[in-house]
Amino acid sequence: MRYWLFKSEPGTFSIDDLVKKPTHWDGVRNYQVRNFLRDDIKKGDRGFFYHSSCKVPGIMGTFEVIKSGYPDFTAWDSTSDHYDPTCSVDDPRWYMVDVRLIQKFNRVVTLDEIKGNPVLDKMWVARRGNRLSITPVTEKEWKTVLKLV
DNA sequence: GCCAACGTTGGC
DNA sequence: GCCAACGTTGGC
């Protein structure tokens with residue numbers, strides 16, 4: 001089993017949306033992240049749900065992957081915000097996984113806190129200029145964050 | 001709202 | 001295949 005961190009802007013999709021029901025993690029249009037979704041993220045993997053571009057960026061909770069990577073059908077949907085007209089049904093380019101909430105934390109593990117923690121400060125999300133919306137998390141980082149909440 | 005970082009695009 | 005221009009992300 002592997003661990004991941006998924007970023008989302010709470011104005012678009014927040015932890016409270018995930019509390020209500022499982023979701024397709026659609027709309028990823030970056031090749032590095034696509035490769036994670038297609039090749040590496042498997043059913044049973046766990047992840048941190050991270051709020052970005054908001055007042056207090058940080059980890060809000062945990063989720064479980066309930067379906068491994070499969071083609072992101074919103075790429076073929078001309079009514080979708082994520083529509084990619086250059087993408088054919090025969091040759092899927094973009095992938096997604098399905099996730100469901102495990103736990104919403106009682107408090108936010110903030111980006112400041114991550115940067116200030118010697119075990120966590122190597123996490124991708126703490127690195128300057130990091131723009132990947134999904135990044136790997138080590139088992140040590142996973143356990144360390146869970147101990148904080 | 002600014003701006004650094006960096007992925008993507010497209011001309012050559 | 002190089003690289004400048006452009007667009008997007010995301011912390012501050």
Side-chain angles (χ1 to χ4, degrees), chain A residues 2-20 22-42 45-65 68-99 101-138 140-142 144-149:
Chain A
R2 296 182 66 177
Y3 301 99
W4 306 91
L5 181 143
F6 284 29
K7 283 196 262 192
S8 184
E9 298 187 20
T12 305
F13 187 85
S14 79
I15 184 95
D16 290 317
D17 294 316
L18 191 62
V19 168
K20 286 178 211 150
T23 189
H24 312 301
W25 202 269
D26 63 289
V28 169
R29 299 292 179 266
N30 167 286
Y31 286 104
Q32 271 178 272
V33 178
R34 185 281 307 269
N35 292 345
F36 286 146
L37 288 167
R38 187 188 57 189
D39 305 331
D40 300 319
I41 302 177
K42 299 298 177 195
D45 285 1
R46 303 279 164 101
F48 290 133
F49 191 103
Y50 178 92
H51 279 182
S52 67
S53 292
C54 58
K55 205 163 183 184
V56 185
I59 299 170
M60 308 301 294
T62 56
F63 62 84
E64 177 184 6
V65 177
S68 302
Y70 63 105
D72 178 348
F73 52 75
T74 65
W76 302 317
D77 177 0
S78 61
T79 66
S80 166
D81 290 344
H82 307 302
Y83 179 52
D84 180 353
T86 67
C87 195
S88 88
V89 179
D90 304 334
D91 183 21
R93 177 176 312 151
W94 305 115
Y95 282 73
M96 61 184 174
V97 297
D98 291 353
V99 301
L101 185 85
I102 295 175
Q103 177 193 11
K104 180 184 173 182
F105 294 162
N106 294 318
R107 67 177 192 85
V108 184
V109 177
T110 66
L111 180 58
D112 277 350
E113 209 175 339
I114 291 166
K115 287 180 172 171
N117 184 308
V119 179
L120 303 178
D121 63 5
K122 310 272 184 318
M123 289 178 74
W124 279 74
V125 79
R127 292 181 205 169
R128 202 153 137 264
N130 156 54
R131 302 180 50 191
L132 300 180
S133 60
I134 296 179
T135 52
V137 168
T138 68
K140 194 174 178 193
E141 290 161 349
W142 179 263
T144 301
V145 170
L146 290 183
K147 268 187 243 158
L148 293 174
V149 294

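Each chain gets a letter, A, B and so on, in the order its sequence line appears, and its residues count up from 1.
Atom C1' of nucleotide dT8(C) and atom CG of Asp81(A) are separated by 15 Å, given to the nearest angstrom. Distance CG (Leu132(A)) to C1' (dT8(B)): 14 Å, rounded to an integer number of Å. Atom CG of Asn30(A) is separated from atom C1' of dC6(B) by 10 Å (rounded to the nearest Å). One atom, CD of Glu9(A), and another, C1' of dT8(C), lie 10 Å apart when rounded to the nearest Å. For the pair Trp124(A) CH2 and dG10(C) P, the interatomic distance rounds to 13 Å; values are reported in whole Å. Rounded to whole Å, the distance from CZ on Arg127(A) to P on dG10(C) is 15 Å. When the C1' atom of dT8(B) is taken as reference, atom CZ of Arg34(A) falls 14 Å away, rounded to whole Å. Distance CD1 (Ile59(A)) to P (dG10(C)): 15 Å, rounded to an integer number of Å.
The one candidate from Arg34(A), Arg29(A), Arg93(A) that meets the side-chain hydrogen bond (donor to acceptor under 3.5 Å, both in side chains) condition with Asp72(A) is Arg29(A).
Put simply, the side chain of Arg2(A) never gets that close to the backbone of Arg46(A): no donor and acceptor are under 3.5 Å apart. Not one N or O on the side chain of Asn35(A) forms a donor-acceptor pair closer than 3.5 Å with the backbone of Gln32(A).
The phosphate of dG10(C) (OP1 or OP2) has a side-chain N or O of Lys7(A) nearer than 4.0 angstrom. Regarding contacts with the backbone of dT9(C), every side-chain N or O of Tyr50(A) stays at 4.0 angstrom or more from both OP1 and OP2.
Phe48(A) and Trp142(A) have parallel rings, their planes meeting at less than 30° on a 0 to 90° scale where 60° marks the start of perpendicular.
The side chain to side chain contact (heavy atoms under 4.5 Å, CB included) test applied to Thr135(A) returns Leu5(A), Trp124(A), Asn130(A), Leu132(A), not counting sequence neighbours. Ser53(A) is linked by a side chain to side chain contact (heavy atoms under 4.5 Å, CB included) to Glu9(A), counting only residues two or more places apart in sequence or in another chain.
Interface residues of residues 108-120 of chain A facing DNA chain C, ordered by number: Leu111(A), Lys115(A); criterion, heavy-atom separation under 4.0 Å.
Here the nucleotide nearest the side chain of Arg131(A), chosen from dG10(C), dG7(C), dT8(B), is dG7(C).
No side-chain N or O of Tyr95(A) forms a donor-acceptor pair with one of Asp39(A) less than 3.5 Å apart.
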